[in-house]
Amino acid sequence: MRRYLSAVAVGLFLTACSYGATEDRIYRPPGVAAAEDADGGEELYLRDCAWCHGRDGTGTARGPEILTGTNGPAFMDFVLSTGRMPLDDPDERMVRGETIYSEEEIDELVAYVESLGTEGPDIPTLALEDVDLSHGMVLYQENCAACHSTTGVGGALTEGTATTDGGPGRRRIVVPPVTKSTPLEVAEAIRVGPGTMPVFNEDVFDDEDLAAIVAYVEYLKNPDDRGGASVGRIGPVVEGAIGWFVGLGVLLVFIRWIGTKRGDE
Ligand code: HEC
Ligand code: HEC
């Protein structure tokens with residue numbers, strides 16, 4: 001009897017666990033749920049994006065239009081491959097995450113939204129051989145470091161919200177690190193300017209400049225730390241603090257150790 005009961009208990013427990021496991025699909029409001037296994041860009045778009053961005057990409061109260069400005073293949077590819085879209089909730093901010101799509105699905109979605117008539121740039125082609133890394137460094141330090149920090153680890157931009165119509169869920173703007181992006185994502189971010197990031201088009205950086213910056217960001221993922229430990233590469237305050245507490249601490253202990261107290265002689 002007892003064995004029977006414990007088997008039932010285990011069974012119930014396992015069902016309870018698997019109940020939650022089916023709930024990891026992306027959220028869609030009632031009535032919007034469409035075919036689960038969407039096939040091709042149009043079906044994917046209608047299933048996952050249309051309820052916020054509109055059937056034709058012109059936007060709804062839940063999401064902005066995605067046709068004008070720098071919206072286009074590069075921007076679409078960027079938001080999909082960095083997992084920024086789709087959101088589960090219109091009040092969420094778009095942040096980097098795991099993408100829910102395969103490369104093929106991303107290509108199909110990009111092509112479909114482009115067919116709705118977008119204005120923005122194409123997915124850039126990068127020629128990363130023979131780039132001038134030091135040129136890339138200069139451009140990066142002049143144009144990107146102010147926000148993403150000299151080492152690329154990111155930082156805080158401002159308190160408050162990016163948009164004046166920001167809903168209650170909008171949090172303060174944090175600049176993400178650049179070092180998690182693939183070379184193509186870096187190039188796309190530069191060309192489209194996601195969120196509050198400025199746009200750097202061909203008039204600002206030609207394709208050679210673009211490749212040089214991308215190559216420098218690649219280098220930042222694995223820089224050789226001359227001068228010792230990197231301590232997170234978040235800058236002089238941390239380095240100073242470690243200098244003070246560790247360095248001076250050791251010195252003080254050492255001085256105590258070699259010194260003698262007055263009267264000890
Ligand atoms: C729950 C609603 C929602 C869903 C679903 C959604 N989006 Fe979005 N999307 C938004 C919101 C809100 C923003 C603005 C986010 C921000 O600025 O932080 C946005 C921004 C974007 C942008 C950038 C637009 C710009 O000019 O900044 C693109 C491109 C985009 N979405 C594409 C998509 C695609 C493709 C899908 C489907 C795979 C999708 N979105 C699904 C709400 C949604
Ligand atoms: C004014 C501040 C600012 C400047 C200058 C700036 N960025 Fe950004 N960047 C941002 C913000 C904010 C985001 C996040 C945008 C979003 O998704 O809402 C971002 C996103 C990115 C991303 C995507 C990172 C990720 O997590 O997926 C890359 C890559 C990037 N920037 C590279 C650059 C490069 C390279 C430059 C210089 C050419 C540059 N940025 C200049 C503010 C800035």
Side-chain angles (χ1 to χ4, degrees), residues 26-29 32 38 41 44-54 57 59-97 99-101 105-106 108-110 112-113 116 118-120 136 139-149 152 154-158 161-163 165-167 169-200 204-205 209-210 212-218 220:
I26 62 165
Y27 169 80
R28 262 166 245 126
V32 184
L44 284 168
Y45 180 85
L46 293 176
R47 186 189 72 179
D48 296 348
C49 323
W51 66 280
C52 289
H53 293 293
T60 68
R62 288 179 289 271
E65 57 86 22
I66 48 170
L67 304 176
T68 65
T70 53
N71 276 297
F75 209 157
M76 281 296 295
D77 190 56
F78 175 80
V79 296
L80 294 174
S81 66
T82 61
R84 281 178 162 74
M85 288 290 142
L87 299 179
D88 289 341
D89 179 330
D91 281 336
E92 262 176 41
R93 285 196 56 78
M94 53 172 194
V95 290
R96 192 182 179 87
T99 180
I100 62 166
Y101 300 113
E105 289 173 322
I106 292 180
E108 288 169 351
L109 272 165
V110 169
Y112 179 69
V113 177
L116 296 174
T118 52
E119 297 176 349
L139 293 178
Y140 179 88
Q141 300 301 353
E142 279 174 3
N143 297 284
C144 323
C147 292
H148 290 284
S149 95
L157 194 55
T158 56
T161 59
T163 45
D165 63 341
R170 304 274 148 142
R171 275 156 280 147
R172 70 199 209 111
I173 302 165
V174 175
V175 185
V178 290
T179 45
K180 289 191 183 146
S181 304
T182 64
L184 187 59
E185 287 163 10
V186 177
E188 288 169 344
I190 293 173
R191 287 291 190 237
V192 305
T196 40
M197 174 167 156
V199 179
F200 302 90
V204 185
F205 298 140
D209 296 336
L210 183 76
I213 299 174
V214 169
Y216 184 68
V217 171
E218 277 299 290
L220 282 179

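In listed order, ligands and their atoms are each counted from 1. Heavy-atom basis, side chains included; hydrogens, waters and symmetry copies ignored.
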### Query
Parallel, tilted or perpendicular for Y216 and Y140, by the 30°/60° rule?
tilted
#### Entry: Those atoms of ligand 1 less than 4.0 Å from some heavy atom in D89
1 (C)
### Closest approach of M94 to G195 (non-hydrogen atoms, all atoms of both residues)
CE-N, 3.7 Å
### Task
Could you list the residues that satisfy side chain to side chain donor-acceptor pair (under 3.5 Å) with N143, not counting sequence neighbours?
none
### Task
For atom 42 (C) of ligand 1, state which one of L46, L87, V79, V110 supplies the nearest heavy atom.
L87
### Query
Which is it for H148 and ligand 2 at heavy atoms under 4.0 Å: side chain, backbone, both or neither?
side chain
### Query
Would C144 count as a contact for atom 8 (Fe) of ligand 2, in the sense that one of its N, O or S atoms lies under 2.8 Å from it?
no
### Message
Quick check: closest heavy atoms across T118 and I66, and the distance to 0.1 Å?
### Response
CG2-O, 3.7 Å
### Message
Going by ring-ring contact (aromatic ring centres under 6.0 Å, His included), name the pairs with one or both residues in residues 64-94, residues two or more places apart or in two chains.
### Response
none
#### Entry: Numbered atoms of ligand 1 (with element) below 4.0 Å of D48, judged on heavy atoms
5 (C), 37 (C), 41 (C)
### Message
Please determine whether side chain to side chain contact (heavy atoms under 4.5 Å, CB included) holds for the pair L184 and S81, giving the CA-CA distance in whole Å, both sets of side-chain angles, and the decisive distance to 0.1 Å.
### Response
CA-CA 10 Å; L184 187 59; S81 66; over 6 Å; no
### Query
Judging by distance only, is a nitrogen or oxygen of R84 under 3.5 angstrom from one on ligand 2?
yes
### Query
Closer than 4.0 angstrom: is that true for some heavy atom of P64 and an atom of ligand 1?
yes
### Query
Can you find a pair of side-chain heavy atoms, one from P177 and one from H148, that are under 4.5 Å apart?
no
#### Entry: Test item, L80 contacting ligand 1 (heavy atom, 4.0 angstrom)
yes
### Query
Considering distance alone, does some N or O of R96 sit under 3.5 Å from an N or O of ligand 2?
yes
### Task
Any atoms of ligand 1 less than 4.0 Å from a non-hydrogen atom of R62? List them with their elements.
12 (C), 42 (C)
### Task
Pick, from F75, Y45, Y112, Y101, the option with the minimum heavy-atom distance to atom 27 (O) of ligand 1.
F75
#### Entry: Nearest atoms (heavy-atom pairs only) where L139 meets I213
CB-CG1, 3.8 Å
### Message
Test of understanding: given a 4.0 Å heavy-atom threshold, classify the contact between P198 and ligand 2 as side chain, backbone, both, or neither.
### Response
side chain
### Task
Determine whether P198 and V204 make a side-chain contact, defined as any pair of heavy atoms from C-beta on separated by less than 4.5 Å.
no
### Distance filter under 4.0 Å to N143 heavy atoms, resulting ligand 2 atoms
5 (C), 37 (C), 41 (C)
### Task
Just to the nearest 10 degrees, tell me the angle at atom 8 (Fe) of ligand 1 spanned by M85 SD and H53 NE2.
170°
### Options A189, S181, P176, G152, ranked by nearest heavy atom to atom 13 (C) of ligand 2, top entry
P176
### Task
Answer yes or no for C49: is there an N/O/S atom below the 2.8 Å cut-off from atom 8 (Fe) of ligand 1?
no
#### Entry: Test item, G193 contacting ligand 2 (heavy atom, 4.0 angstrom)
no
### Query
Hey, mind stepping through R191 and L210 against side chain to side chain contact (heavy atoms under 4.5 Å, CB included) and telling me if it holds?
CA-CA 9 Å; R191 287 291 190 237; L210 183 76; 4.0 Å; yes
### Query
Can you tell which of G154, G136, C147, P194 gets a heavy atom nearest to atom 15 (C) of ligand 2?
P194
### Query
How long is the span from the CE atom in M76 to the CG atom in L116, to the nearest 0.5 Å?
9.0 Å
#### Entry: Atoms of ligand 2, numbered as shown, that sit under 4.0 Å from any heavy atom of P177
24 (C), 26 (O)
### Query
Which atom names give the shortest non-hydrogen contact between S181 and R96, and what distance separates them?
OG-NH1, 3.5 Å
### Which of the ligand 1 atoms, numbered from 1, are nearer than 4.0 Å to a heavy atom of M76
29 (C), 35 (C)
### Query
Going by heavy atoms in the side chains, are M197 and C147 under 4.5 Å from each other?
no
### Query
Closest heavy-atom contact between R62 and C52?
CB-SG, 3.8 Å
### Message
Could you check whether any heavy atom of F78 sits closer than 4.0 Å to an atom of ligand 1, since that is the contact criterion I want to use?
### Response
no
### Task
Classify the contact between I66 and ligand 1 as side chain, backbone, both or neither, using a heavy-atom distance cut-off of under 4.0 Å.
side chain
### Task
Could you see which bit of N71 sits under 4.0 Å from ligand 1, with heavy atoms only: side chain, backbone, both or neither?
side chain
### Query
Looking only at heavy atoms of G69, does any of them come nearer than 4.0 Å to an atom of ligand 1?
no
### Message
Tell me whether T196 has any N or O atom under 3.5 angstrom from an N or O of ligand 2.
### Response
no
### side chain to side chain contact (heavy atoms under 4.5 Å, CB included) between D77 and I106, worked out
CA-CA 7 Å; D77 190 56; I106 292 180; 3.3 Å; yes
### Summary
Numbered in order shown, the ligand 1 atoms found under 4.0 Å of a heavy atom of W51 are 1 (C), 5 (C)
### Task
Please identify which atoms of ligand 1 are closer than 4.0 Å to at least one heavy atom of M94.
15 (C), 16 (C), 18 (O)
### Message
Using side-chain heavy atoms (C-beta onward) and a distance below 4.5 Å, is P86 in contact with I100?
### Response
yes
### Message
Taking 4.0 angstrom as the limit and counting only heavy atoms of G195, give me the atoms of ligand 2 inside it, by number and element.
### Response
18 (O)
### Query
Is there a side chain to side chain contact (heavy atoms under 4.5 Å, CB included) between Y101 and L44 once you walk through the steps?
CA-CA 10 Å; Y101 300 113; L44 284 168; 4.2 Å; yes
#### Entry: Residue V186 vicinity, atoms of ligand 2 by number, heavy atom under 4.0 Å
29 (C)
### Task
Examine the proximity of ligand 2 to Y216 and report which part, side chain or backbone, both or neither, has a heavy atom under 4.0 Å away.
neither
